[in-house]
Amino acid sequence: MKLITYIKFVFGTLTALFLSLNVTAQTSVSLKSQWLDPTNLFTEKVPTAEFSTTFSVGGPWSLYFYYAHDIEGLTPIYLIGGVNNTRESVRTDSLVFSSPEARVFPKYSRNIFVSYQYSETIRQLSWIQPIVTWDWNFIKNPSKSVHTLSAEVSGWMSFQRGNEYQDGGYISGKYNCAKHYEKWTFNGSLSTLAIEIFESGRNIFVLGEVLSLSSTYIPFNTTLEVVLNKPLITEEDSELGFTIGLIKEF
């Protein structure tokens, strides 16, 4: 399916669902110094604009759409569309501030995301990719900090075969610490990824580290984020990556 046809199909489907169902949406737009792939380990060294939206369609189900565009070359970079199924534990913890709404966190959550992904820059390949993520939250009061341990596993297979294909998978573990204030949230996370990529005539193994630091001003739902990534074991480019981005949520 051509990119423009796929975009029209996704937007048409989301619009129809939005009009026919009682759905809620969370949308974000961002500007970044370079593009980070979905694992945050590989980059395209071009200034990037991103758009993403999540439509909750009731119960544990939601729809997700993501699009990244090269600002400098005015060309598309990456496209994702898929379905989430999220399960959260009944047991929760909360942080209470002077605002009327408390910030509630489940003790445990599991998310299954099945997606279609398209890359304009990786030989115009497209994939089907399921991703399973587990999160465990630990709240420390009165410090109002949230510590999260995450594990993720994924595999992908490209629709293209023959000499033009790319299959693969990864596993990752992440620790995140979030410090909450009434108007601010500060986040720091460190993750380790092991990735195996299969292409025609070669296999690539990559072990990498990703450090992410961010601060969010809650009244404006605006986040400043810095990401440092370093492929440790790889036959490809292994230099330290630095990405800074500004994210606005609606």
Side-chain angles (χ1 to χ4, degrees), residues 25-43 48-54 56 62 64 66 68 80 84 86 88-89 91-99 101-111 113 131-154 170-193 208-231 240-250:
Q26 183 175 3
T27 301
S28 70
V29 293
S30 62
L31 296 174
K32 295 184 177 180
S33 59
Q34 63 179 354
W35 180 74
L36 289 167
D37 86 325
T39 66
N40 283 351
L41 187 57
F42 304 109
T43 63
T48 303
E50 297 178 338
F51 169 87
S52 67
T53 186
T54 301
S56 175
S62 62
Y64 176 77
Y66 164 89
I80 301 174
N84 283 294
T86 304
E88 297 180 345
S89 63
R91 296 178 60 194
T92 61
D93 281 324
S94 61
L95 297 176
V96 180
F97 297 89
S98 60
S99 58
E101 293 186 3
R103 300 171 199 172
V104 179
F105 304 87
K107 292 280 192 180
Y108 161 80
S109 66
R110 183 273 300 150
N111 186 71
F113 178 50
I131 304 172
V132 184
T133 307
W134 299 268
D135 293 321
W136 293 266
N137 293 310
F138 306 90
I139 289 184
K140 299 296 183 181
N141 278 311
S143 64
K144 297 190 182 301
S145 60
V146 181
H147 302 264
T148 304
L149 297 176
S150 301
E152 191 166 275
V153 60
S154 176
Y170 69 84
I171 58 173
S172 71
K174 182 171 72 173
Y175 166 72
N176 184 88
C177 179
K179 181 72 172 179
H180 289 255
Y181 297 92
E182 185 169 354
K183 293 185 177 181
W184 290 90
T185 301
F186 298 95
N187 273 280
S189 69
L190 179 65
S191 59
T192 300
L193 300 98
E209 298 278 352
V210 178
L211 174 65
S212 176
L213 303 171
S214 66
S215 61
T216 301
Y217 185 57
I218 295 172
F220 291 167
N221 286 329
T222 301
T223 300
L224 179 65
E225 181 185 54
V226 174
V227 179
L228 301 174
N229 53 359
K230 175 68 173 176
L240 178 67
F242 175 85
T243 305
I244 185 169
L246 187 65
I247 305 164
K248 169 64 178 175
E249 294 186 356
F250 302 91

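Remember, it's a predicted structure, so these values are computed and weren't measured experimentally. Counting begins at 1 with the first residue of the sequence.
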Only residue of D135, T133, N84 satisfying side chain to side chain donor-acceptor pair (under 3.5 Å) with N111 is N84

When rounded to the nearest 0.5 Å, the distance separating CG of N229 from CG of L240 is 7.0 Å

| Quick check: does any side chain N or O of S33 sit under 3.5 Å from a backbone N or O of I244, one acting as donor and the other as acceptor? | yes

How are the rings of Y217 and F220 set to each other: parallel, tilted or perpendicular (split at 30° and 60°)? perpendicular

Query - Heavy-atom side-chain proximity of F250 to T53 below 4.5 angstrom - result: no

Practice problem: Examine distances only and state if a side-chain atom of S89 and a backbone atom of K107 form a donor-acceptor pair shorter than 3.5 Å. | Solution: yes

For S145, the side chain to side chain contact (heavy atoms under 4.5 Å, CB included) test, sequence neighbours excluded, returns K140, S143, H147, K179

Heavy atoms of P231 and L41 approach each other most closely as N-CD1, 4.0 Å

Exam field: side chain E209 to backbone L190, donor-acceptor pair closer than 3.5 Å = no

Rounded to the nearest 0.5 Å, the OG atom of S172 sits from the CG atom of L193 at a distance of 5.0 Å

Heavy-atom nearest pair, P106 first then T92, reads CA-CG2, 3.9 Å

Across all chains, not counting sequence neighbours, the salt bridge (Lys or Arg N to Asp or Glu O under 4.0 Å) partners of E225 are K32

Can you check side chain to side chain contact (heavy atoms under 4.5 Å, CB included) on L95 and V146, steps first, answer last? CA-CA 9 Å; L95 297 176; V146 181; 3.9 Å; yes

Exercise. Where does the angle between the aromatic ring planes of Y108 and W136 fall among parallel (under 30°), tilted (30 to 60°) and perpendicular (over 60°)?
Worked result: tilted

Correct closest heavy-atom pair for T185 and A178 would be CG2-CB, 4.4 Å

Between the OH atom in Y170 and the CD1 atom in I131, the distance rounded to the nearest 0.5 Å is 4.0 Å

R103 vs I218, side chain to side chain contact (heavy atoms under 4.5 Å, CB included): CA-CA, chis, key distance, verdict: CA-CA 12 Å; R103 300 171 199 172; I218 295 172; 3.2 Å; yes

CZ (F42) and CH2 (W35) are apart, to the nearest 0.5 Å, by 10.5 Å

So the salt bridge (Lys or Arg N to Asp or Glu O under 4.0 Å) pairs with at least one residue in residues 241-250 (sequence neighbours excluded) are none

_Test side-chain hydrogen bond (donor to acceptor under 3.5 Å, both in side chains) on Q26 and T54; report intermediate values, then the result._
CA-CA 5 Å; Q26 183 175 3; T54 301; over 6 Å; no

Rounded to the nearest 0.5 Å, the CG atom of N137 sits from the CG atom of D93 at a distance of 8.5 Å

dist T148:OG1 -> K174:NZ (nearest 0.5 Å) comes out at 8.5 Å

Within the 4.5 Å heavy-atom criterion, are N187 and S212 side-chain neighbours or not? no

On a heavy-atom basis, the closest approach of S214 and T223 is CB-CG2, 3.9 Å

Step by step, would you call Y181 with K144 a side chain to side chain contact (heavy atoms under 4.5 Å, CB included)?
CA-CA 7 Å; Y181 297 92; K144 297 190 182 301; over 6 Å; no

Take F97 and K183 through the test side chain to side chain contact (heavy atoms under 4.5 Å, CB included) and record every step on the way to the result. CA-CA 9 Å; F97 297 89; K183 293 185 177 181; over 6 Å; no

Correct closest heavy-atom pair for I80 and F113 would be CG2-CZ, 3.9 Å

